[in-house]
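Quick caveat: nothing in here was measured; it's all calculated off a predicted structure. Values below: all heavy atoms of this structure, side chains included; hydrogens, waters and symmetry mates excluded.
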Amino acid sequence: SGEVVDPLGQTPRPEFLCHGFLALDLQRTSHELHDRFFGGATRLLDDGGHLFGFCPGRIVTSFPKGFGIPILSNEPLIAQAMFANQFAEEPVPVRVKWTFRYVLNRDLQRPLKPLFVRVECVRTDVGLHFVVKPGRQVNRTVVTRKLALPRDTTLHYIGSHLHAFGESVALRDVTTGQTLFTSHAIPFPDRPDIAFLEAFSSEQGIPVYKDHDYEMVSVYNNTTQTDQMGMACLRLYGLDSTFTMPNLTPISHDDGEAHR
């Protein structure tokens, strides 16, 4: 989990949160090296090496019991956060408080059910952020290619990210016409910022298929008379059914440093 707090790390200040994430530090490692650690397995992480994320309305990622993301204890990680200060009349000092839970492989009571990660976003001509004109706006983006499902599998956790005035973001199976999951947003009573975002968490999971097409659909309702900035993302965690335990033979970085 992650949250914005006061300088003493005590009082939550959610009004200053945009989003944050924990990821592989790709300045010090790479997807290729990560995959080699795991015996050449299909990449577990998305293009940015993301593990977890948090945002307004959804500061906690909680997987179903027995599920997790496998990484080695010496893989370099980086934590980043972005702040939103559009409502502050003067500078306000804040900090980000991170909380992580992990289990060493030797302490597992039963085998881990490994998850891979994909972060998909609605995209427009201007990129990940888009202008929301006054009124209701629906955007669609096909994500089949970026999702890059290596095989049929199941999704066990889905988190989302929306900006103020966002109503929902959904994942649809275009092949069947079925909406697999919709994350609805609830704003604060006195402002349009997101107070709560629905997430999906299930041991049974949602079936997805490598030969199906998928799209994301975002809905915004700008109730002001001025343009607003929108964003809509889903963080998808699917079961890696072909996962194997890592190959712990020493592997050297380009600088000669060996990791185990």
Side-chain angles (χ1 to χ4, degrees), residues 1-3 5 9 12 19-55 58-81 95-119 149-151 153-161 181 197-208 234-251 253 257-260:
S1 66
E3 59 180 334
V5 295
H19 64 273
F21 60 84
L22 178 73
L24 285 182
D25 185 351
L26 297 181
Q27 298 296 318
R28 301 167 56 200
T29 187
S30 66
H31 283 295
E32 291 76 18
L33 185 59
H34 175 81
D35 290 344
R36 287 171 63 195
F37 280 142
F38 289 95
T42 301
R43 64 186 174 94
L44 292 170
L45 307 182
D46 82 312
D47 292 339
H50 290 166
L51 298 170
F52 307 103
F54 65 94
C55 64
R58 182 55 55 182
I59 64 173
V60 176
T61 297
S62 183
F63 296 142
K65 185 177 180 179
F67 290 80
I69 303 173
I71 63 171
L72 297 185
S73 59
N74 64 348
E75 290 191 88
L77 304 178
I78 185 170
Q80 293 187 353
R95 302 173 64 184
V96 175
K97 180 179 180 180
W98 294 86
T99 303
F100 308 112
R101 291 184 297 170
Y102 68 91
V103 179
L104 296 177
N105 186 67
R106 64 171 177 264
D107 296 331
L108 288 172
Q109 296 180 358
R110 58 185 60 86
L112 177 74
K113 297 177 182 178
L115 296 172
F116 64 82
V117 189
R118 297 291 185 269
V119 180
L149 292 175
R151 62 192 66 85
T153 186
T154 44
L155 300 177
H156 293 271
Y157 186 90
I158 305 176
S160 62
H161 174 58
F181 172 71
L197 276 172
E198 286 183 286
F200 171 82
S201 183
S202 165
E203 292 186 32
Q204 180 178 355
I206 299 173
V208 288
L234 291 175
R235 196 176 301 271
L236 310 168
Y237 296 84
L239 179 66
D240 186 346
S241 58
T242 63
F243 173 80
T244 57
M245 287 299 294
N247 177 6
L248 297 181
T249 302
I251 299 175
H253 289 274
E257 179 185 0
H259 280 214
R260 291 183 180 271

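- Listed by chain and residue number, L108, M245 satisfy the side-chain contact (heavy atoms from CB on, under 4.5 Å) test with N105 (two or more places apart in sequence, or in another chain).
- The two residues F243 and P114 have their closest heavy-atom pair at CB-CG, 3.4 Å.
- The shortest non-hydrogen separation linking L112 to G68 is CD1-N, 3.5 Å.
- For the atom pair S73 OG and Y102 OH, the distance stands at 9.0 Å (nearest 0.5 Å).
- With sequence neighbours excluded, the residues forming a side-chain contact (heavy atoms from CB on, under 4.5 Å) with S202 are F200, Q204, listed by chain and number.
- Taking all atoms of both residues into account, the shortest heavy-atom contact from E203 to H156 is O-CE1, 3.0 Å.
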Test side chain to side chain contact (heavy atoms under 4.5 Å, CB included) on T153 and F116; report intermediate values, then the result. CA-CA 11 Å; T153 186; F116 64 82; 4.0 Å; yes
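- Taken to the nearest 0.5 Å, the CG atom of L115 stands 11.5 Å off from the CG atom of L236.
- Closest heavy-atom contact between A79 and L22: CB-CD1, 4.2 Å.
- Nearest heavy atom pair, residue S201 against residue Y157, reads CB-CD1, 3.8 Å.
- Checking each of R118, K113, R151 against D240 for a salt bridge (Lys or Arg N to Asp or Glu O under 4.0 Å) leaves exactly one that passes, namely R151.
- Partners of I78 according to the side-chain contact (heavy atoms from CB on, under 4.5 Å) rule, which considers only residues two or more places apart in sequence or in another chain, are A23, D25, Q80.
- Side-chain contact check for I71 versus L77: some heavy-atom pair is nearer than 4.5 Å.
- Between F63 and F52, the gap from one ring centroid to the other is short of 6.0 Å.
- Here the closest non-hydrogen pair linking Y237 and L51 is OH-O, 2.7 Å.
- Taking OG1 from T154 and CG from L239, the interatomic distance works out to 4.5 Å, rounded to the nearest 0.5 Å.
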